[in-house]
Visitor: 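Please read through the structure below; I'll follow up with questions.
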Number of protein chains: 2
Amino acid sequence: MRLVVAECAARYTGRLSAHLPRARRLVVVKADGSVLLHSDGGSYKPLNWMSPPCSLAVGEPDAEQRAAGVTQVWTVQHAKTDDRLVIDLYEVHHDSAHELGVDPGLVKDGVEAHLQELLAAQIGLLGSGHTLVRREYPTAIGPVDILAKAPGGGSVAVEIKRRGDIDGVEQLTRYLELLNRDPRLSPVRGVFAAQEIKPQARVLATDRGITCLVLDYDAMRGVDDVDARLF
Amino acid sequence: MRLVVAECAARYTGRLSAHLPRARRLVVVKADGSVLLHSDGGSYKPLNWMSPPCSLAVGEPDAEQRAAGVTQVWTVQHAKTDDRLVIDLYEVHHDSAHELGVDPGLVKDGVEAHLQELLAAQIGLLGSGHTLVRREYPTAIGPVDILAKAPGGGSVAVEIKRRGDIDGVEQLTRYLELLNRDPRLSPVRGVFAAQEIKPQARVLATDRGITCLVLDYDAMRGVDDVDARLF
DNA sequence: GCTTGAATATCGCCG
DNA sequence: CGGCGATGTTCAAGC
């Protein structure tokens with residue numbers, strides 16, 4: 001990522017034509033070639049930008065531009081469309097480059113985390129007599145969403161998804177294999193819990209002796225709200 | 001505007017809950033207090049952000065965070081809602097501040113300018129036999145969008161708008177009054193061209209003997225593309 | 001000021 | 001890869 005703070009003007013052509021009069025701005029050049037032009041206010045949206053895939057060519061100003069103070073002309077061309085962003089750079093106040101690496105990305109823990117929280121609080125949904133051991137029960141291959149004790153002995157491992165797909169069943173299967181090696185927990189039964197369980201996932205789960213549990217998010221929130229009002 | 005490149009992790013709560021695992025990112029703090037967290041890829045949208053109005057408070061990490069390597073904790077709180085973004089900063093690789101001043105902002109010369117360009121290239125849309133005199137034909141009260149020669153003698157003045165409103169008809173009327181005083185051009189007929197013409201504008205234009213011409217932007221672009229392919 | 005609709009929308013899911 | 005819907009949407013125009 002390259003960060004440039006400079007006096008600049010820009011012209012964009014693509015779906016529309018637009019231009020930015022000369023002003024001091026932040027120019028961000030990302031590793032994928034995309035470019036953002038940011039002012040010191042507004043929302044997260046840049047004044048102008050070019051989305052990837054695109055390429056940046058640094059050129060020389062012509063005589064007229066040079067006389068006006070332009071030191072560099074950047075042409076950012078989209079690889080697939082004819083979208084083009086041309087930036088005239090005047091005085092450059094800052095210019096630095098940074099290695100950032102690949103980003104793990106944003107994790108939205110909205111619904112899934114909330115479902116885990118709610119199911120832990122309403123552990124009886126697994127069946128009468130179950131007790132919570134803990135959420136995010138650690139194993140060598142990652143934490144299990146919920147681990148509970150079954151009333152008749154043995155344990156229950158729960159994998160929670162917003163949408164229950166085959167991947168989730170596979171994940172739970174790996175956990176179960178590991179957990180069942182632990183004599184303090186064994187036998188460990190599996191519960192695949194989700195707001196919506198795909199037919200293929202249900203077939204696979206059932207075939208492996210895993211119980212499917214469809215979670216009614218609104219109903220669970222309702223119970224939670226009632227609890228909250230009681231205390 | 002402050003630019004920080006640092007190892008960081010973040011948590012956002014507001015309309016949803018989300019978190020960013022630790023990674024090296026760009027943190028932009030704008031003059032209005034808004035904050036952007038950018039990775040080295042993706043689109044112009046930040047991984048996470050806080051929109052203005054908001055305030056940034058820099059705090060100390062607690063013992064546990066300090067042991068994990070956190071050096072600063074930034075809390076960005078929205079002024080009107082309970083939206084909050086908390087950023088844990090680990091190693092800081094870059095930190096600089098820049099005065100940018102007020103930005104004049106983006107000027108969209110998109111559709112109207114493009115329509116003028118396209119109509120000039122497809123001047124036959126005014127009727128068979130018309131020839132272009134010039135775009136932006138200068139008058140004492142400003143340039144007329146397009147001036148053309150009519151096949152039977154006389155001229156045609158065209159006012160182009162994206163959305164044709166009464167104001168545009170008034171504008172064209174003023175131009176026509178002026179242009180008709182010029183014996184080299186007279187008689188000058190008026191054409192009011194727009195992607196969409198409001199009923200009131202159409203009534204006024206018709207009443208004044210001005211022709212209304214609805215422009216099909218996509219079709220005109222299509223013709224333009226065909227031309228481009230031929231050359 | 002509120003409401004409505006477009007956006008260089010972006011983003012994720014589903015077929 | 002194309003289509004559809006949601007977005008912490010943002011943004012501008014109309015009323």
Side-chain angles (χ1 to χ4, degrees), chain A residues 10-20 30 32 34-39 41-54 76-87 103 105-112 161-168 194-196 198-201, chain B residues 10-20 30 32 34-39 41-54 76-86 103 105-114 161-167 195-196 198-201 217-218 221:
Chain A
R11 294 170 299 290
Y12 166 78
T13 55
R15 277 286 273 279
L16 57 74
S17 294
H19 69 272
L20 280 169
K30 292 193 174 187
D32 58 10
S34 58
V35 175
L36 318 181
L37 288 172
H38 267 283
S39 65
S43 67
Y44 65 72
K45 196 176 177 181
L47 292 163
N48 215 322
W49 72 94
M50 184 61 70
S51 302
C54 64
V76 190
Q77 174 70 53
H78 195 274
K80 293 184 176 178
T81 70
D82 55 1
D83 286 32
R84 180 180 294 187
L85 176 64
V86 180
I87 309 169
D103 201 285
L106 185 70
V107 181
K108 295 188 182 182
D109 36 35
V111 177
E112 188 174 323
K161 292 288 178 192
R162 191 167 61 85
R163 293 180 313 110
D165 225 325
I166 279 186
D167 289 352
Q195 276 188 287
E196 173 200 355
K198 293 289 176 71
Q200 293 177 331
Chain B
R11 293 169 300 289
Y12 164 78
T13 55
R15 192 69 95 78
L16 56 76
S17 293
H19 71 272
L20 280 169
K30 292 193 175 187
D32 57 10
S34 59
V35 175
L36 318 182
L37 289 173
H38 267 283
S39 66
S43 67
Y44 65 72
K45 197 175 177 180
L47 292 163
N48 217 324
W49 72 93
M50 184 62 70
S51 302
C54 63
V76 191
Q77 174 70 54
H78 196 274
K80 294 184 175 177
T81 70
D82 55 359
D83 286 32
R84 179 179 295 187
L85 177 64
V86 180
D103 201 286
L106 185 71
V107 181
K108 293 189 181 183
D109 34 39
V111 176
E112 187 174 327
H114 201 191
K161 292 288 177 192
R162 190 166 64 82
R163 293 178 313 109
D165 224 326
I166 280 187
D167 290 353
Q195 277 188 288
E196 173 199 356
K198 294 287 177 70
Q200 293 176 329
Y217 187 50
D218 292 331
R221 275 165 57 118

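Everything quoted here is computed from the prediction, not taken from an experiment. To find a chain, count down the sequence lines: A is the first, B the second, and so on, and within it residues start at 1.
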Visitor: Classify A:Met50 by what it touches in the nucleic acid, base, sugar-phosphate, or nothing, heavy-atom distance under 4.0 Å.
Guide: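 A:Met50: no heavy atom of the nucleic acid under 4.0 Å.
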Visitor: If I take atom NZ from residue A:Lys30 and atom OG from residue A:Ser51, how far apart are they, to the nearest 0.5 angstrom?
Guide: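 So the gap between those two atoms works out to 9.5 Å.
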Visitor: Would you call A:Pro53 and A:His78 a side-chain contact if the rule is heavy atoms closer than 4.5 Å?
Guide: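 Side-chain contact under 4.5 Å: yes.
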Visitor: Do A:Arg162 and A:Gln195 have a side chain donor and acceptor closer than 3.5 Å?
Guide: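 Side-chain D/A pair, A:Arg162 to A:Gln195: absent.
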Visitor: Please assess B:Tyr12 against B:Leu20 for the test side-chain contact (heavy atoms from CB on, under 4.5 Å), listing each intermediate value before the final yes or no.
Guide: CA-CA 9 Å; B:Tyr12 164 78; B:Leu20 280 169; over 6 Å; no
Visitor: Using heavy atoms to find the nearest nucleotide of DNA chain C for A:Tyr12 and A:Asp165 separately, return the residue whose nucleotide is more 5′.
Guide: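 Per heavy-atom nearest nucleotide, the more 5' residue is A:Tyr12.
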Visitor: CG of A:Asp167 to NZ of A:Lys161: how many Å apart, nearest 0.5 Å?
Guide: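 These two atoms lie 8.0 Å from each other.
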Visitor: What is the nucleic acid contact for B:Leu106, judged by heavy atoms within less than 4.0 Å: base, sugar-phosphate only, or nothing?
Guide: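 Base, at least one base heavy atom under 4.0 Å.
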Visitor: Once you round it to whole Å, what is the distance between C1' of C:dC13 and CZ of A:Arg162?
Guide: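 Rounded to the whole Å, the gap is 9 Å.
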Visitor: Using a 4.5 Å cut-off on heavy atoms from C-beta on, say whether the side chain of B:Arg11 contacts that of B:Thr13.
Guide: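 No, side chains not in contact.
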Visitor: For nucleotides 9-12 of chain D, tabulate all protein N/O to nucleotide N/O atom pairs closer than 3.5 Å, reporting atom names and distance.
Guide:
from	atom 1	to	atom 2	distance (Å)
D:dT9	OP1	B:Arg15	NH2	2.7
D:dT9	OP2	B:Arg15	NH1	2.6
D:dT9	OP2	B:Arg15	NH2	2.7
D:dT10	OP1	B:Ser51	OG	3.4
D:dT10	O3'	A:Ser43	OG	3.0
D:dC11	OP1	A:Ser43	OG	2.9
D:dC11	OP2	A:Ser43	OG	3.3

Visitor: Using whole Å, report how far NE2 of A:His78 lies from P of C:dA9.
Guide: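 About 11 Å, once rounded to whole Å.
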